[in-house]
Q: 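Before I ask anything, let me first share the structure, which is written out below as structure tokens.
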Amino acid sequence: MRTVTLTKESTKDILENLLKRSPNNYGKFEASVTEILENIKEKGDEALFGYTEKFDKARITKDTIRVTQEEINEAYRLVDPGLIEVIRKALVNIRSYHEKQRQNSWFTSKEDGTMLGQKVTPLSKVGVYVPGGKAVYPSSVLMNIVPAKTAGVEKIIMTTPPGADGKVTPSTLVAAKEAGADEIYKAGGAQAIGALAYGTESIPKVDKIVGPGNIFVALAKKAVYGHVSIDSIAGPSEILVLADESANPRYVAADLLSQAEHDEMASAILITTSRELAQAVDQEVAGFLEVLSRKEIITKSLENFGYILLADSMEEAIDAANAIASEHLEIVTKNPFEIMMRIKNAGAIFIGENSCEPLGDYFAGPNHVLPTNGTAKFFSPLSVDDFVKKSSIIYYSREALKAIHKDIEQFAKAEQLTAHANSIAVRFEEEGEQKKS
């Protein structure tokens, strides 16, 4: 890994390099995605089946697109019972965490005849996209479905690309069933996003689309945003470890590589105040690379977006961590809780040497769908909040409105919105006439 002395200039250069990974920089694919979405919108199932055969090499029809109970039963027979048990244990933690995020409607009333409030309503239909092929992540199935289920979404519709044999990865089906998906369809890529956004003869239109995917999926979600809601435009995975001389270099190296193995665009960064730790971590990384199975991917990831940043002080290190706003941030210092209080920007914060990033990916309970590419400065992890909408409640009695109606009329007239003012005034015009007489 390249070692860089931390300065304002080097931080700026690193941020510019990391932003190259953003889906917003892949405009060359937008025309293809737009064409796919338009065809899905116009031709429905016909286009969807055509793209599935073209891209996934699978022949799907209206009779086979929806996963059947028999296919789910077969998946349970094929998946290791040990893995099913782990999925169920993880679900307990994930549900428990997300249940604490639930919000209730609230109302307040006053003696003057006013009542205000907020009504919280779950979304009716949500689409969950799950990647297929080489990317098989049953953990992401759990993380996307559980908060929707916890929020009370009426129908959760999942799409995932089939293999050439027309079947869905067994572990994906088991995770979906355990988490509570209502319907599962064999469709992937931008065409699946289009089907969920516009609806086809087979796949119903949803209100919101969530879930990870490749660049075509990301661009499709971006294109349909506004027609439906989406969770985010996810970029490649990233980890930042903030460490001092007390950190175990072997642990730090292992944690950095846990994200670098995702893909060649993933980012792994160590910020430390210890030159000795930096050198030891670099050596440990080299050693791990000799034995890890995804060596080629990890090597390219580290060459492109891997850094060891040497800071003069912990204050400088914290400032850099907040500027980078990493998806995953590990704090491995003598006083990690104190450091945590000074972190403003991070998707998920892991405290202490035993709280490694994979703990959050699979088991702890907090959602692993996190903001990337610096968007942790203004976005939050996927949560129950993403699957509800809120309506303002306003009630005024005549007496309460009478007490303030002139104030509203004056405000409206100041904005030259006379119809607004009139809407209030007509309710008291009889009283005005009585005063004249």
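One is the number of the first residue; the rest follow in order along the sequence.
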Q: Under 3.5 Å, is there a donor-acceptor pair between the side chain of Lys186 and the main chain of Gly166?
A: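 Yes, because the side chain of Lys186 sits within donor-acceptor range (under 3.5 Å) of the backbone of Gly166.
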
Q: Under a 4.5 Å cut-off applied to non-hydrogen side-chain atoms, are Asn422 and Thr418 in contact?
A: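 A side-chain contact is absent here, since even the closest heavy-atom pair is not under 4.5 Å.
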
Q: Sort out for me which residue in Glu74, Glu71, Glu70 forms a salt bridge (charged side-chain N to carboxylate O under 4.0 Å, His left out) with Lys167.
A: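 The salt bridge (charged side-chain N to carboxylate O under 4.0 Å, His left out) with Lys167 is passed solely by Glu74 among Glu74, Glu71, Glu70.
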
Q: Under the side chain to side chain donor-acceptor pair (under 3.5 Å) test against Gln259, which residue among Glu357, Glu238, Glu327 passes?
A: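 Of Glu357, Glu238, Glu327, side chain to side chain donor-acceptor pair (under 3.5 Å) with Gln259 is met by Glu357 alone.
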
Q: Less than 4.5 Å apart, side chain to side chain, heavy atoms only: is that true for Phe379 and Thr372?
A: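 No, every pair of side-chain atoms sits at 4.5 Å or beyond.
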
Q: Identify the two heavy atoms, one from Ile297 and one from Ala260, that lie closest to each other, and give their separation to 0.1 Å.
A: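 For Ile297 versus Ala260, the nearest heavy atoms are CG2-O, 3.8 Å.
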
Q: Around atom CZ of Phe411, are there more than 12 heavy atoms of other residues, nucleotides or ligands at under 6.0 Å?
A: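 Counting other residues, nucleotides and ligands, CZ of Phe411 stays at 12 neighbours or fewer.
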
Q: Roughly how far, to the nearest 0.5 Å, is the CD atom of Glu99 from the CD1 atom of Ile94?
A: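 Answer for the CD1-CD pair, Ile94 versus Glu99, is 12.0 Å.
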
Q: Can you measure from CZ (Arg77) to CD1 (Ile72) and round to the nearest 0.5 angstrom?
A: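 Reported to 0.5 Å precision, the distance equals 12.0 Å.
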
Q: For Tyr129 and Pro161, work out which heavy atoms get closest and say how close.
A: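 For Tyr129 and Pro161, the tightest heavy-atom pair comes out as OH-CD, 3.8 Å.
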
Q: With a 4.5 Å cut-off on side-chain heavy atoms, are Ile394 and Leu116 touching?
A: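 Yes, side chains in contact.
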
Q: How about CZ on Arg59, more than 12 heavy atoms from neighbouring residues, nucleotides or ligands closer than 6.0 Å, or not?
A: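 Atom CZ in Arg59 is not crowded, with 12 or fewer foreign heavy atoms closer than 6.0 Å.
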
Q: Distance alone, cut at 3.5 Å: any donor-acceptor contact between the side chains of Asn373 and Thr375?
A: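 Absent: no donor and acceptor within the cut-off.
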
Q: If you count every heavy atom of other residues, nucleotides or ligands that lies below 6.0 Å from Tyr362 atom OH, does the total exceed 12?
A: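 No.
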
Q: Does Phe107 have more than 12 heavy atoms from other residues, nucleotides or ligands lying within 6.0 Å of its CZ?
A: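 Result for CZ/Phe107: enclosed.
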
Q: Looking at OG1 of Thr160 and CG of Leu173, how far apart are the two atoms once the value is rounded to the nearest 0.5 Å?
A: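 The OG1 atom of Thr160 sits 8.0 Å away from the CG atom of Leu173.
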
Q: Nearest 0.5 Å, what's the OG-NZ distance between Ser229 and Lys208?
A: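 NZ of Lys208 is found 4.0 Å from OG of Ser229.
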
Q: Quick check against the 3.5 Å criterion: does Thr273 have a side-chain atom that pairs as donor or acceptor with the backbone of Met314?
A: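 No, because the side chain of Thr273 does not come within donor-acceptor range (under 3.5 Å) of the backbone of Met314.
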
Q: Is it the case that more than 12 heavy atoms not belonging to Phe337 sit under 6.0 Å from its CZ atom?
A: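 Count not over threshold, so no.
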
Q: Please answer whether the main-chain N or O of Ala266 pairs with a side-chain N or O of Ser237 as donor and acceptor at a distance below 3.5 Å.
A: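 Here the side-chain-to-backbone pair does not exist.
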
Q: Got a donor-acceptor contact below 3.5 angstrom from the Thr169 side chain to the Ser171 backbone?
A: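 Checked: no pair found.
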
Q: So which atom in Leu78 and which in Pro170 form the shortest heavy-atom distance, rounded to 0.1 Å?
A: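 That would be CD1-CG, 3.9 Å.
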
Q: Side chain to side chain contact (heavy atoms under 4.5 Å, CB included) between Ile203 and Thr200: does it pass, once the steps are laid out?
A: CA-CA 5 Å; Ile203 298 179; Thr200 72; 3.8 Å; yes

Q: To the nearest 0.5 Å, how far apart are CE in Met143 and CG in Leu370?
A: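 So the CE of Met143 and the CG of Leu370 are separated by 9.0 Å.
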
Q: Side chain to side chain contact (heavy atoms under 4.5 Å, CB included) between Val369 and Val210: does it pass, once the steps are laid out?
A: CA-CA 10 Å; Val369 180; Val210 301; over 6 Å; no

Q: Using modelled atom types and a 3.5 Å cut-off, is there a donor and acceptor pairing between side-chain atoms of Asp255 and backbone atoms of Glu330?
A: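 No, Asp255 side chain to Glu330 backbone: no donor-acceptor pair under 3.5 Å.
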
Q: Do Leu91 and Glu178 come close enough that some side-chain heavy atom pair is under 4.5 Å?
A: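 Leu91 reaches Glu178 side chain to side chain.
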
Q: Within the supplied structure, the quantity of interest is the number of heavy atoms (other residues, nucleotides, ligands) at a distance under 6.0 Å from Gln410 CD; does it exceed 12?
A: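 Counting neighbours around CD of Gln410, 12 or fewer heavy atoms of other residues, nucleotides or ligands fall under 6.0 Å, so no.
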
Q: Spell out, as yes or no, whether a donor-acceptor pair under 3.5 Å connects the side chain of Asn93 to the backbone of Phe363.
A: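 Such a contact is found between Asn93 side chain and Phe363 backbone.
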
Q: Can you tell if the side chain of Val120 reaches within under 4.5 Å of the side chain of Asn104, non-hydrogen atoms only?
A: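 They are not in side-chain contact.
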
Q: Can you tell me if Glu16 has over 12 outside heavy atoms packed within less than 6.0 Å of its CD?
A: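 Yes.
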
Q: Mark yes or no for whether Asn17, through its side chain, and Asn304, through its backbone, hold a donor-acceptor pair below 3.5 Å.
A: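 Such a contact is found between Asn17 side chain and Asn304 backbone.
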
Q: Between Lys177, Lys149, Lys125, which is the residue that forms a salt bridge (charged side-chain N to carboxylate O under 4.0 Å, His left out) with Asp182?
A: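 So, applying the salt bridge (charged side-chain N to carboxylate O under 4.0 Å, His left out) to Asp182 and each of Lys177, Lys149, Lys125, only Lys149 qualifies.
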
Q: Are Ile343 and Leu329 close enough that some pair of their side-chain heavy atoms sits under 4.5 Å apart?
A: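 Sidechains of Leu329 and Ile343: in contact.
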
Q: Using only atom types and a distance under 3.5 Å, with no angle test, would you say the side chain of Lys221 pairs donor to acceptor with the backbone of Gly211?
A: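 Yes, the answer is positive, given that a donor and an acceptor are paired below the 3.5 Å cut-off.
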
Q: For atom NZ of Lys377, is the number of surrounding heavy atoms from other residues, nucleotides or ligands below 6.0 Å larger than 12?
A: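 For Lys377, atom NZ is crowded (more than 12 foreign heavy atoms under 6.0 Å).
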
Q: Determine, step by step, whether Glu183 and Tyr185 satisfy the side-chain hydrogen bond (donor to acceptor under 3.5 Å, both in side chains) criterion, reporting the C-alpha distance in whole Å, the side-chain angles of both residues, the deciding distance to 0.1 Å, and the verdict.
A: CA-CA 7 Å; Glu183 298 174 8; Tyr185 293 93; 2.6 Å; yes

Q: For Phe428 and His405, take the angle between the two ring planes, folded into 0 to 90°, and tell me which bin it lands in: parallel under 30, tilted 30 to 60, perpendicular over 60.
A: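 Taking His405 first and then Phe428, their aromatic rings lie parallel (interplane angle under 30°).
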
Q: Given the rule in the side-chain hydrogen bond (donor to acceptor under 3.5 Å, both in side chains) test, do Asp45 and Ser202 qualify, once you have shown the distances and angles that lead to the verdict?
A: CA-CA 7 Å; Asp45 276 354; Ser202 297; 2.5 Å; yes

Q: Under 3.5 Å, is there a donor on one side chain and an acceptor on the other for Gln118 and Ser392?
A: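 Result is no, nothing qualifies.
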
Q: Taking all non-hydrogen atoms of both residues into account, name the closest pair between Gly188 and Asp56 and its distance.
A: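 Looking at all heavy atoms of both residues, the closest pair is N-OD2, 4.4 Å.
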
Q: Would Ser391 and Lys389 satisfy side-chain hydrogen bond (donor to acceptor under 3.5 Å, both in side chains), going step by step from the backbone distance to the final call?
A: CA-CA 7 Å; Ser391 303; Lys389 56 189 179 70; 4.9 Å; no

Q: Taking atom CD1 of Ile193 and atom CD1 of Ile230, what is their separation to the nearest 0.5 Å?
A: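 Interatomic distance, Ile193 CD1 to Ile230 CD1, rounded to 0.5 Å: 9.0 Å.
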
Q: Using a distance-only test with no angle check, is there a side-chain donor-acceptor pair under 3.5 angstrom linking Thr108 and Lys110?
A: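 Result is no, nothing qualifies.
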
Q: Go through it in stages, so that I can follow the logic: the residues are Leu270 and Tyr307, the test is side chain to side chain contact (heavy atoms under 4.5 Å, CB included), and I'd like the CA-CA distance, side-chain angles, deciding distance and then a yes or no.
A: CA-CA 6 Å; Leu270 166 64; Tyr307 296 93; over 6 Å; no

Q: Are Val141 and Met158 side-chain neighbours, meaning at least one heavy-atom pair lies under 4.5 Å?
A: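 Touching, per the 4.5 Å side-chain cut-off.
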
Q: For Ile209, run the side-chain contact (heavy atoms from CB on, under 4.5 Å) check against Leu196, Asp231, Val217 and tell me which one passes.
A: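 When Leu196, Asp231, Val217 are each tested with Ile209, the side-chain contact (heavy atoms from CB on, under 4.5 Å) holds only for Leu196.
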
Q: For Gln103 and Asp385, run side-chain hydrogen bond (donor to acceptor under 3.5 Å, both in side chains): C-alpha distance rounded to whole Å, both residues' side-chain angles, the deciding distance at 0.1 Å, then the answer.
A: CA-CA 8 Å; Gln103 293 189 49; Asp385 285 350; 2.8 Å; yes

Q: What is the minimum heavy-atom distance between His98 and Thr150, and which atoms define it?
A: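 Result for this residue pair: O-CG2, 3.7 Å.
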
Q: Walk me through whether Asn39 and Leu48 qualify under side chain to side chain contact (heavy atoms under 4.5 Å, CB included).
A: CA-CA 8 Å; Asn39 280 334; Leu48 181 62; over 6 Å; no

Q: Of all heavy-atom pairs between Ala190 and Val33, which one has the smallest distance, and what is that distance?
A: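 Of all heavy-atom pairs spanning Ala190 and Val33, the closest is CB-CG1, 4.3 Å.
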
Q: Within the structure provided, determine whether Leu15 and Lys12 are in side-chain contact (heavy-atom separation under 4.5 Å).
A: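 No - every pair of side-chain heavy atoms lies 4.5 Å or more apart.
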
